[in-house]
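Per chain, numbering begins at 1; letters A, B, ... match sequence-line order.
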Amino acid sequence: MVEITLPDGSKQRYDGESVEVREVVASLGDNWLKTAIAAEFDNHVVDFHQRISGEGSFKVLRESDPPSLDVLRHSTSHLLAHAVKTLFPNAKLAIGPSIQDGFYYDFDVEKPFTPEDLERIESAMRDFLKTRMDFSREVWSKEKAKDYFAAEGEAYKLELIDEIPDSDVSVYRMGNFLDLCAGPHLDSTKWIKHFKVLSSAGAYWRGDSSKPMLQRIYGTAFYKKKDLDEHLKRLAEAEKRDHRKLGKILDLFEVREEAGGGLVFWNPKGSILRETIEQYLKEKLLEKGYELVLTPHIARAELWSTSGHFDYYSDNMYTMEVEGQDYVLKPMNCPGHILIYQRKLHSYRDLPVRFAEMGTVYRRELSGTLHGLLRVRGFTQDDAHIFCTPEQLSAEVDASLDFALEIMADYGFDEFKIELSVRDPKKQEKYAGEPDEWDAAEKALESSIRRKGFPFTLMEGEAVFYGPKIDIKVIDAIGRPWQLTTIQFDFNLPKRFNINYVDRDGERKLVVMVHRALLGSVERFVGILTEHYAGAFPLWLAPVQCRILPVTSERAPYGKSVLEALIERGVRAEMDERDEKIGYRIREAELQKIPYMLVVGGKEAETGEVAVRAHGRGDLGRRKLGDFIGEIVDEVRSKR
RNA sequence: GCCCACGUAGCUCAGUCGGUAGAGCAUUUGCAUGGUAAGCAAAAGGUCACCGGUUCAAAUCCGGUCGUGGGCUCCA
């Protein structure tokens with residue numbers, strides 16, 4: 001007997017040990033069968049072909065239910081594999097899951113796919129769709145499956161079968177294409193209409209660089225044409241916002257081949273932007289009771305042996321030998337801050353001690369992972385270390401969380417995702433620190449988030465070996481998440497360096513140490529901000545806030561007086577007095593996304609006015625220079 | 001690091017079959033003094049990423065190096 005509970009609370013019963021989902025859906029009425037994609041039984045997505053048993057909640061999934069999209073994409077990946085196997089019979093199948101924005105399928109082929117191959121594959125897929133194919137599911141014994149896939153030469157599938165704990169496996173058939181697959185799948189190909197093969201790239205089998213390199217084809221699929229079009233538009237929008245492109249147009253920064261990959265040169269405009277961000281943060285740090293420190297860029301290797309970095313991080317460190325001594329270019333700021341802490345004996349009355357530094361560090365990232373400002377080899381962390389007593393821990397986490405959110409709000413981020421990474425309870429031995437320390441730390445982090453009332457995702461087993469952490473991801477203007485803030489406990493370094501304080505009872509005790517970065521890396525943050533604002537920075541951040549455009553060279557002297565008045569009030573202003581027509585100079589200022597353009601000609605010169613034009617908003621009309629300065633200064637202050 | 005693609009003027013890019021390079025923009029110089037998104041003309045500008053090989057001859061073909069781009073478990 002099978003019993004299901006429908007969303008409206010009503011129950012249905014079916015005879016027998018198990019029942020096919022298709023039957024269940026059919027029993028609910030004919031129209032359901034036409035519109036249903038799959039179903040949810042006991043909170044698991046099941047397709048028409050699967051059998052359910054026992055009792056559980058049951059919900060029919062239709063196009064608009066999010067899990068249906070995964071089903072569509074997974075099935076489209078099978079269609080892709082079908083096309084590939086048809087065009088490239090020697091291709092070996094790996095895996096083909098549905099992912100965030102689409103799907104992929106990995107193949108082992110002799111030659112990587114060319115863009116032309118992808119076109120052929122896509123049109124083969126469309127050809128298949130001309131005749132409707134039904135998906136069907138079969139349950140095979142492992143032996144049968146192994147015999148079959150061995151005969152087909154599908155080595156990757158054999159490897160997968162061996163890892164499946166059950167005694168039986170499922171295979172799905174579509175036309176004459178058969179694949180080892182857990183499902184769920186569509187009932188037929190009739191739902192596959194709006195899809196696109198996007199790109200191909202190398203990808204290791206199981207993401208392991210010691211394993212063979214496969215060729216991955218990415219694609220996406222939607223139920224509605226409108227959704228596909230919108231998705232493709234989003235991709236185009238993301239490309240337009242690419243900080244590498246904008247960085248060049250706006251003359252912010254460069255990565256020079258002469259110097260090497262992942263090393264950033266900040267041009268004047270990028271530098272002023274960075275300075276603005278850093279100076280603002282430093283002001284805030286001082287307000288919040290942090291002390292600014294500076295530590296050397298290189299230090300003897302011994303320091304890094306004490307910290308333990310040498311043992312597990314040396315592949316990522318730049319090292320050098322000086323007069324027979326090994327030195328390390330710092331990949332992290334913590335040991336330096338610890339040395340400063342240790343310059344004297346601390347009383348519990350001194351704590352918490354909070355050290356902050358715009359600490360530039362260098363890490364040897366793999367060349368293939370370098371990416372604009374987002375993944376570099378030299379970068380500046382807004383790094384801070386808090387040394388406190390266990391009792392202070394909770395308050396410090398609270399304050400850090402508040403600080404992070406306050407800063408994010410200034411940059412126009414108002415949507416977040418918070419992740420709390422804790423131990424894997426099954427692997428206690430891999431963590432530094434005592435279980436009760438961990439309990440306290442994890443509790444402090446969790447209660448801080450709860451106190452703020454934020455939803456969060458608990459990431460069990462995601463904690464680093466030295467302590468639990470909170471990560472905050474911000475959602476940018478086009479909905480993409482970026483990880484910025486991290487607040488991490490450290491039970492490792494206090495022991496290694498014996499960082500202590502003298503408590504009330506006269507005993508020396510180990511401090512509790514918290515690593516904390518709000519923006520993460522300043523380089524990366526500027527990259528993210530550039531994409532978030534699409535290069536049109538708000539006034540307070542704009543490298544050039546105001547450009548003065550005299551209509552004719554005759555009005556340059558008046559322009560100059562306007563310029564001087566603005567600069568005197570701290571506005572980043574410049575004048576474009578080239579012998580070009582006003583339209584041409586406006587166009588250039590618009591392309592450079594300069595927030596304000598002041599057009600000054602005869603009329604303005606006579607009345608002491610300026611004609612204000614705002615980026616993207618056009619002509620705002622004339623006003624007194626003094627009024628404009630008041631407005632612009634206010635706007636900078638408001639960080640809007 | 002690995003797979004694939006790419007690297008030509010400051011920028012964006014053409015360059016066919018191997019025969020010593022071209023456009024637009026930017027720059028400089030003239031002319032034009034123009035009121036809200038590109039005035040006109042001329043000049044100048046290149047170690048075709050770098051190193052090596054094949055060839056009478058290489059931007060072009062081959063090998064290597066460096067750099068850039070798309071990716072490298074969201075798991076049958």
Side-chain angles (χ1 to χ4, degrees), chain A residues 70 73-74 77-78 93-104 106 108-109 111-115 117 142 145 149 154 156-166 169-172 179-183 198-218 242 244-245 248-249 251 254-263 315 364-372 549-556 578-592 597-604 611-622:
Chain A
D70 285 328
R73 288 166 174 175
H74 190 181
S77 91
H78 275 223
L93 300 170
I95 58 169
S98 131
I99 54 171
Q100 180 80 57
D101 287 315
F103 61 87
Y104 66 78
D106 285 345
D108 191 347
V109 281
K111 265 194 227 142
F113 300 109
T114 64
D117 289 340
K142 270 184 162 181
F149 287 107
E154 297 286 4
Y156 300 98
K157 295 294 176 187
L158 291 176
E159 201 177 316
L160 292 169
I161 292 169
D162 277 333
E163 285 171 22
I164 296 172
D166 310 330
V169 300
S170 59
V171 298
Y172 278 79
D179 196 4
L180 175 78
C181 184
L198 293 171
S199 61
S200 70
Y204 295 110
W205 170 232
R206 320 225 109 175
D208 183 343
S209 58
S210 68
K211 303 244 163 84
M213 174 70 66
L214 308 175
Q215 293 304 314
R216 173 170 300 178
I217 298 180
Y218 285 93
D242 191 317
R244 293 163 302 183
K245 212 173 257 179
K248 203 167 252 173
I249 296 171
D251 198 17
E254 263 179 308
V255 176
R256 295 293 295 256
E257 194 173 332
E258 293 92 323
L263 300 167
D315 284 351
R364 254 215 63 187
E365 302 290 349
L366 293 179
S367 59
T369 62
L370 302 177
H371 182 92
L549 307 169
V551 176
T552 65
S553 53
E554 198 187 337
R555 298 304 169 189
R578 289 174 303 168
D579 281 336
E580 297 290 351
K581 287 200 167 171
I582 190 71
Y584 176 89
R585 284 175 288 152
I586 284 171
R587 177 184 152 81
E588 231 170 55
E590 286 284 356
L591 289 175
Q592 286 168 30
M597 289 148 272
L598 298 183
V599 176
V600 294
K603 287 172 251 172
E604 290 78 11
V612 182
R613 183 189 167 103
H615 169 70
R617 288 191 285 153
D619 194 349
L620 302 184
R622 290 209 299 263

For A:Arg555, all residues meeting salt bridge (charged side-chain N to carboxylate O under 4.0 Å, His left out), sequence neighbours excluded: none

Side-chain heavy-atom pair A:Glu365, A:Leu370 within 4.5 angstrom cut-off: yes

Distances under 3.5 Å between nitrogen or oxygen atoms of protein and nucleotides 63-65 of chain B:
none

Base versus backbone protein contacts along nucleotides 28-35 of chain B [heavy-atom cut-off under 4.0 Å; B, S, -]: ----BBBB

Member of A:Phe149, A:Tyr172, A:Tyr156 meeting the side-chain contact (heavy atoms from CB on, under 4.5 Å) criterion with A:Leu180: A:Phe149

Contacts of type side-chain contact (heavy atoms from CB on, under 4.5 Å), residue A:Arg73, not counting sequence neighbours: A:Leu69, A:Ser98, A:Phe103, A:Thr220, A:Ala221, A:Phe222

Pairing residues for A:Arg585 by the salt bridge (charged side-chain N to carboxylate O under 4.0 Å, His left out) criterion, not counting sequence neighbours: none

Donor-acceptor contact below 3.5 Å, side chain A:Glu604 vs main chain A:Gly601: yes

What's touching nucleotides 6-11 of chain B from the protein side, N or O pairs under 3.5 Å?
unit_1: B:G7; atom_1: N2; unit_2: A:Glu257; atom_2: OE2; d: 3.3

A:Arg244/A:His371 under side chain to side chain contact (heavy atoms under 4.5 Å, CB included): CA gap, chis, key distance, verdict: CA-CA 9 Å; A:Arg244 293 163 302 183; A:His371 182 92; 3.1 Å; yes

P spacing across the pair B:U16 / B:U8, given as an integer number of angstrom: 15 Å

B:U54 and B:C61, which share atom name C1', separated by this distance in whole Å: 8 Å

Partner set under ring pair (Phe, Tyr, Trp, His ring centres under 6.0 Å) for A:Tyr104, not counting sequence neighbours: A:Tyr218

Distance in angstrom units between A:Glu588 CD and B:U36 C1', rounded: 15 Å

Gap between atoms CD and P, on A:Gln592 and B:A37 respectively (whole Å): 16 Å

Consecutive-pair stems (at least three Watson-Crick or G-U pairs, under 3.5 Å) that include RNA chain B: B:1-7 with B:66-72, B:10-13 with B:22-25, B:27-31 with B:39-43, B:49-53 with B:61-65

Atom pair distance, as rounded to whole Å: CD in A:Glu590 and P in B:A37: 8 Å

side-chain hydrogen bond (donor to acceptor under 3.5 Å, both in side chains) against A:Asp619, all qualifying residues, sequence neighbours excluded: none

Spacing between A:Arg617 atom CZ and B:A37 atom C1', to the nearest angstrom: 17 Å

CZ (A:Arg256) with more than 12 external heavy atoms under 6.0 Å: no

A:Arg206 side chain reached by A:Asp106 side chain, heavy atoms, under 4.5 Å: no

C1'-based separation of B:G45 from B:A26 [nearest Å]: 11 Å

B/S/- contact track for nucleotides 68-76 of chain B, protein heavy atom under 4.0 Å: SSBBBBBSB

Counterpart residues, side-chain hydrogen bond (donor to acceptor under 3.5 Å, both in side chains), relative to A:Asp117 (two or more places apart): A:Thr114, A:Arg120

Side chain to side chain contact (heavy atoms under 4.5 Å, CB included) evaluation trace for A:Glu154 with A:Leu158: CA-CA 7 Å; A:Glu154 297 286 4; A:Leu158 291 176; 5.9 Å; no

Least distance between heavy atoms, A:Ile586 atom then A:Met597 atom: O-SD, 4.1 Å

Rounded distance in Å between the P positions of B:G64 and B:C6: 15 Å

All side-chain hydrogen bond (donor to acceptor under 3.5 Å, both in side chains) counterparts of A:Ser210, not counting sequence neighbours: A:Asp208

Heavy-atom check, side chain of A:Ile582 versus side chain of A:Leu549, under 4.5 Å: yes

